[in-house]
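One structure below.
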Amino acid sequence: MSEAENMPGSWTAPDLRIDYTKELNPAQCAAVTAPPGPALVIAGAGSGKTRVLTYRVAFLLEQGIPPERILLLTFTNRAAREMMERVTRLLGRELPDLWGGTFHSIGHRFLRRHAEAAGCQPNFTILDREDAEKLLAQCVEELNLDATGRFPKKEVLASLISLAANARETIAQVISRQFSWLAESAGEVQSLAGHYQARKRAGNLVDFDDLLVLWLELLEKDAGLRERYQRQFQFILIDEYQDTNRLQNALVELLAGRHQNILAVGDDAQSIYSWRGAHFLNILEFPKRHPTAQVYKIETNYRSTPEILDVANESIARNVHQHPKDLNAERRSGLKPVYVKCLNSRQQAVLVASQIHRLWNEEGVPLGEMAILYRSHFHAMDLQLELRQRQIPAEVTSGVPFFEQAHVKDVAAHLRLVNNPEDEFSFLRVAQLMPGIGQKSARKLWGRYRDARRAFGAGPDPALDLRGLEACEPLAPAKGRAAWKQFTETMRQLHEKAPGQPPADLIGLVLDAGYSEYLKLTFANAPARLEDLRGLKEYARKYRKLDDFLGDLALQTSLTEPTSAASPPRDQAVRLSTIHQAKGLEFSVVFLIMLCENFFPSAPAVESGREEVLEEERRLFYVAVTRAKDFLFLVSPLIPNVRDADHRRALPSRFVGELSLDKLEEVDLTTCT
């Protein structure tokens with residue numbers, strides 16, 4: 001490579017004697033040995049992108065490029081470690097001078113060198129997420145922004161401010177795009193963000209986003225420093241390029257300003273994280289930003305059978321905005337993916353559990369090689385119960401089991417208190433949902449409530465419970481008093497409706513009476529939590545009596561207790577996971593469930609009608625399909641919720657409807673009783 005500009009110091013190119021034509025397939029070899037200049041490597045699922053990156057490093061070193069002239073950027077510490085370990089094995093020695101790691105680790109390394117120029121002292125402290133949220137809470141208190149108890153909580157604020165930094169947008173723009181329910185608070189949140197930045201600077205503190213923001217700002221304003229690093233980083237290699245956000249891409253483009261030797265490796269068909277700031281246009285428009293760029297497509301898949309790839313290819317071909325490719329299998333032919341139409345979610349659970357039992361006991365497939373994937377957490381309610389009842393070890397990696405989630409238990413606590421006014425634990429849980437009420441305050445309120453009920457002659461009369469709640473109002477903190485009044489009114493309505501209304505309607509009342517607003521102010525992923533609670537409401541439809549619902553809920557919670565130290569190792573348990581959290585993993589057997597319109601694709605995606613949103617949903621389907629190595633089951637319940645008293649039917653997911661029937665083994669269980 002004639003472009004090498006060696007910096008002071010000695011570097012002897014290693015004589016690795018790698019035969020790249022034998023070690024790599026032709027497409028991989030072309031990317032690894034690419035000449036200087038911008039290059040985009042579209043590496044399809046299971047095609048060996050990590051191999052491409054590690055061999056590219058080896059190739060550059062063989063060409064005489066010193067390791068300190070190479071910048072290798074990854075997204076996770078695990079990926080960084082794996083990449084560096086592979087390079088070390090390939091070279092037979094470590095390369096301490098190679099700049100390799102996550103964006104944030106490289107930003108940290110840069111800022112430690114140039115802290116004062118960035119406005120910090122060299123001994124600055126990095127705030128983790130918890131510390132950053134605590135500082136934000138202090139800022140809210142200092143600015144007296146939560147006097148009414150209706151200001152966003154620290155988790156929401158941290159996510160919002162972080163998204164603005166990574167998307168390079170204003171607070172108002174992020175609120176408009178992703179937190180529309182906070183529109184009236186946009187000005188106050190903007191003021192808070194400014195105060196938060198000032199507090200960090202005063203305390204010599206930086207958060208994770210600052211590691212990138214300050215890095216970029218310093219390079220943009222300091223021409224000498226910018227030129228120094230542009231000269232140093234002759235070759236920049238980026239992993240998982242489809243997941244970069246605007247901030248990360250701006251850093252890459254700036255650092256590559258002199259040599260333009262960017263090797264961006266990724267798969268646009270696996271871009272599924274727009275909700276957390278990933279910018280799809282980074283990879284889609286790379287050739288537009290770099291007109292001389294070479295585009296390499298690595299389309300040989302070493303993971304899945306041809307039949308599974310046929311489904312993946314046909315599905316993703318529907319997307320208009322993409323770099324077209326066609327995965328081809330290195331493996332021999334296998335069985336067609338099975339598409340099962342079943343009657344309802346209960347039949348779906350029985351089907352999947354029985355197939356897992358058969359594959360495990362009759363065909364010897366390890367439980368750790370099987371996964372149940374879904375679009376949203378509540379889709380797997382019945383399956384969690386069915387697997388537990390059959391004593392099939394399972395691990396929920398998409399969060400805690402459904403019935404153990406905080407928002408599910410919050411709503412259940414309202415109903416338990418209606419059913420049993422002496423339920424101290426439910427009272428304390430609900431009380432602490434209100435502004436300004438912590439554990440100590442809640443216990444004082446419980447004492448007043450209990451004493452008042454007894455003074456009034458505690459009995460089954462709901463009016464006594466309401467008078468007990470009213471007696472607590474003077475003890476409620478000022479900013480929580482309005483919420484306490486709303487709680488009392490909610491309990492009045494629940495008491496009135498509980499004798500004749502089904503539990504599903506009572507859940508709806510709790511959501512409408514204020515809990516939905518609480519979620520939006522408290523959790524950054526409020527829409528997903530609301531979707532869970534809509535699922536809980538559907539789950540409750542088969543019950544007519546509150547006693548029956550709460551009794552079964554308690555029993556099912558005990559059946560789905562969180563994984564403990566005594567749980568089986570991960571490789572000895574079936575994996576239950578959202579598709580987002582399964583990205584990067586692979587399994588011998590994949591069950592993709594709840595393939596119904598408004599479930600997958602999700603209802604918000606369908607309602608949006610926006611092409612880019614639906615295309616990301618289709619990319620999510622593609623990611624799910626390409627997790628499977630040997631067997632793929634696609635399952636569509638005709639009635640997604642067996643408890644739906646109205647037996648409302650759902651259309652099969654459009655992603656299944658777009659597939660040719662000859663690519664699937666179709667099984668129809670909807671006529672079975």
Side-chain angles (χ1 to χ4, degrees), residues 343-349 376-386 401-423 425-427 429-430 433 460-466 469 486-519 529-560 594 596 598-599 603 637-650:
L343 186 61
N344 51 44
S345 60
R346 172 64 183 156
Q347 191 179 54
Q348 174 180 255
S376 298
H377 199 22
F378 78 88
H379 295 173
M381 281 190 292
D382 287 302
L383 265 164
Q384 290 184 44
L385 301 175
E386 185 69 23
F402 183 83
F403 295 106
E404 287 293 327
Q405 296 180 111
H407 48 294
V408 174
K409 296 179 79 171
D410 287 345
V411 171
H414 283 80
L415 305 189
R416 288 192 172 108
L417 190 58
V418 170
N419 194 56
N420 175 16
E422 294 292 331
D423 185 344
F425 298 106
S426 292
F427 180 97
R429 185 179 190 97
V430 175
L433 299 177
D461 184 358
L464 300 177
D465 308 327
L466 298 176
L469 292 174
Q486 175 62 59
F487 168 52
T488 302
E489 174 61 20
T490 300
M491 294 302 291
R492 182 188 68 76
Q493 295 180 36
L494 288 170
H495 274 303
E496 289 177 353
K497 295 178 181 295
Q501 294 293 321
D505 290 351
L506 302 182
I507 292 171
L509 193 155
V510 173
L511 296 179
D512 294 341
Y515 191 72
S516 295
E517 182 182 8
Y518 166 81
L519 285 179
R529 291 176 186 255
L530 284 170
E531 190 177 14
D532 281 344
L533 293 174
R534 284 191 286 269
L536 180 68
K537 181 179 176 181
E538 293 299 309
Y539 177 86
R541 284 188 180 277
K542 81 167 183 179
Y543 299 94
R544 290 299 169 192
K545 293 184 177 180
L546 185 56
D547 271 342
D548 293 339
F549 172 67
L550 292 176
D552 277 5
L553 195 64
L555 292 172
Q556 289 156 358
T557 300
S558 70
L559 284 173
T560 57
M594 208 60 82
C596 310
N598 295 310
F599 287 79
L638 180 64
I639 302 168
N641 187 2
V642 68
R643 301 161 187 82
D644 189 340
D646 298 327
H647 300 295
R648 288 172 292 185
R649 299 191 172 199

- Do the non-hydrogen side-chain atoms of Met594 and Ser345 ever get within less than 4.5 Å of each other? yes
- Item | Note, Ile507 side chain near Leu533 side chain (heavy atom, < 4.5 Å) | no
- Separation between CG of Asp382 and CG of Asn344, rounded to the nearest 0.5 Å: 8.0 Å
- Message: Can you list everything that forms a ring-ring contact (aromatic ring centres under 6.0 Å, His included) with His379? Sequence neighbours excluded, please.
- Response: Phe599
- Validation row: Met491, Thr488 side chains within 4.5 angstrom (heavy atoms): no
- Note on the structure: So CZ of Arg346 and CD1 of Ile639: to nearest 0.5 Å the spacing works out to 15.0 Å
- Message: Does any part of the side chain of Leu536, heavy atoms only, come nearer than 4.5 Å to the side chain of Gln405, both counted from C-beta?
- Response: no
- Message: Within the structure provided, determine whether Arg416 and Arg429 are in side-chain contact (heavy-atom separation under 4.5 Å).
- Response: no
- Message: For Arg492, give me all partners under salt bridge (charged side-chain N to carboxylate O under 4.0 Å, His left out), at least two apart in sequence or on another chain.
- Response: Glu489, Glu496
- Message: Looking at every heavy atom in both Arg541 and Ala504, which two are closest together, and how far apart are they?
- Response: CG-CB, 4.1 Å
- Would you indicate whether the side-chain heavy atoms of His407 and Asp532 approach each other to under 4.5 Å? yes
- Note on the structure: Contacts of Phe487 meeting ring-ring contact (aromatic ring centres under 6.0 Å, His included) (sequence neighbours excluded), chain-then-number -> Trp484
- Enter the distance from Arg649:CZ to Leu343:CG here, rounded to the nearest 0.5 Å. 7.5 Å
- Task: Search all heavy atoms of Leu550 against all heavy atoms of Ala412 and return the closest pair with its distance.
- Result: CD2-O, 4.3 Å
- Report the distance from atom CG of Leu519 to atom CG of Asp410, rounding to the nearest 0.5 Å. 7.5 Å
- Message: Quick one: does any side-chain atom of Ser516 pair with a main-chain N or O of Asp512 as donor and acceptor, under 3.5 Å?
- Response: no
- Query: Given the rule in the salt bridge (Lys or Arg N to Asp or Glu O under 4.0 Å) test, do Glu531 and Arg534 qualify, once you have shown the distances and angles that lead to the verdict?
  - Reply: CA-CA 5 Å; Glu531 190 177 14; Arg534 284 191 286 269; 5.8 Å; no
- Could you grab the distance from atom CG of Leu383 to atom CD of Gln348, nearest 0.5 Å is fine? 6.0 Å
- Of all heavy-atom pairs linking Pro503 and Lys545, the shortest is CG-O, 3.7 Å
- Message: When you compare the side chain of Val408 with that of Phe378, does any pair of heavy atoms fall below 4.5 Å?
- Response: no
- Query: How many angstroms lie between atom CZ of Phe549 and atom CG of Leu506, to the nearest 0.5 angstrom?
  - Reply: 9.5 Å
